[in-house]
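For reference, the structure is listed below as structure tokens.
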Number of protein chains: 2
Amino acid sequence: MALNYETQLSARNLFEELQIPKRYLMRLLTDLSKSGFIKATRGRSGGYVFARSLDTIYFSEIIDSVEGLLSFEGCVLGSTVCPVDKPCAMHQIWEKPKQTFLETLKTTTLADLRSGKNIRLQ
Amino acid sequence: MALNYETQLSARNLFEELQIPKRYLMRLLTDLSKSGFIKATRGRSGGYVFARSLDTIYFSEIIDSVEGLLSFEGCVLGSTVCPVDKPCAMHQIWEKPKQTFLETLKTTTLADLRSGKNIRLQ
DNA sequence: ATTAAATAATACCTGAAAGTATTAATTTAT
DNA sequence: ATAAATTAATACTTTCAGGTATTATTTAAT
């Protein structure tokens, strides 16, 4: 959708491009609509468009709405907080990849998907 | 085990420290033994010790033996190769966190788990 | 008005990973 | 020899994310 963000697209349109199951796709679209990322229009000639500008939609926000980001923010061993003075065994090792990962999600927007040329959808 | 790598430990010993299900723990230990990371001794006063020096056991190797590393090495969209001249939409965005993640796994050994002080097991 | 094309709601199914149960085999202490 | 303490093998159960199925609602073209 981000590659063609100006136009309203129906589930059918999207299904024809992306080869993911149609019914599943529709459920995801409904979820995204409920979360306010896209705007749904029902009825004949309906479909979906982005509800907000692409450069304001961060990956972290989308993931957060779907499954929560918290699972990534804790430490690998146990999900509770990991105090610096008594860290879990993986704490130091995991810190760098975890931060890089979270930083990517928190600083990348859907607009960044459009930056490349010659893009495959799958 | 890495925090106490010199001593042979039985599943019972380990279970008392880590609070993960005993039977499940045993199955994991058997798998690790089959993969050659630890050496099992059966019978009364049996248990497990590392089969190799800790600083030769990389995280990447352990994960690889359990579930394969390949799933992490491909691109996010689709698991096949992602050619540079026609990359998938996520290719560039995903490159950095993926590399950081893989590099951590490929350069960190069990010996590195012992470097900290005051370590929690969970 | 009727029909077609779309989204919404909701309940169900499925396959794989996580976890459990049971029994067998091995070793050592007595 | 026997019993106790361990690992090994194998089959079963549970859970849950991913995916389906069905029916209802909404809108526009005719």
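Being a predicted model, the structure only gives us computed values, none of them experimental. Below, chains carry the letters A, B, ... as their sequence lines are ordered, and counting in each starts from 1.
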Can you tell me how far CG of A/N4 sits from CD of A/E17, rounded to the nearest 0.5 angstrom?
8.0 Å
What integer distance in Å separates A/E16:CD from C/dA6:C1'?
14 Å
Residue whose nearest DNA chain D nucleotide is more 5′ - A/R23 or A/G43:
A/R23
What is the distance from CG of A/L25 to C1' of C/dA6, rounded to the nearest Å?
13 Å
What is the distance from CD1 of A/I20 to C1' of D/dA17, rounded to the nearest Å?
15 Å
At under 4.0 Å, does any side-chain N or O of A/Y24 touch on OP1 or OP2 of C/dC13?
no
Whole-Å distance, B/L9 CG to D/dT6 P, equals 12 Å
Distance check needed: C/dA6 P versus A/K39 NZ, whole Å only.
19 Å
Taking the minimum atom-to-atom distance to the side chain of B/A40, which one of C/dA6, D/dT7, D/dA4 wins?
D/dT7
Pairing residues for B/F101 by the ring pair (Phe, Tyr, Trp, His ring centres under 6.0 Å) criterion, not counting sequence neighbours
A/W94, B/F72
Members of residues 28-35 of chain B that approach DNA chain C, where some heavy atom sits under 4.0 Å away:
none
What residue pairs, at least two apart or across chains, pass ring-ring contact (aromatic ring centres under 6.0 Å, His included) with a residue in residues 15-57 of chain B?
none
Salt-bridge test for B/E73 and B/K106: reply yes if a basic N is under 4.0 Å from a carboxylate O, no otherwise.
yes
Interatomic distance where CZ belongs to A/R44 and P belongs to D/dT30 [whole Å]
7 Å
Assess whether a salt bridge exists between B/E61 and B/R52, defined as any Lys/Arg side-chain N lying under 4.0 Å from an Asp/Glu carboxylate O.
yes
Hey, which sits more toward the 5' end of DNA chain D by its nearest nucleotide, A/P21 or A/R42?
A/P21
Distance check needed: C/dA8 P versus A/I38 CD1, whole Å only.
8 Å
Can a donor-acceptor pair be found between the side chains of B/D112 and B/S115 at a distance below 3.5 Å?
no
Give a yes/no answer on whether the side chain of B/R27 brings an N or O atom under 4.0 Å of OP1 or OP2 in D/dA8.
no
Minimum heavy-atom distance A/L54-A/A2, with the two atoms named:
CD1-O, 3.6 Å
Let me know the distance between CD of A/Q8 and C1' of D/dA28, rounded to the nearest Å.
13 Å
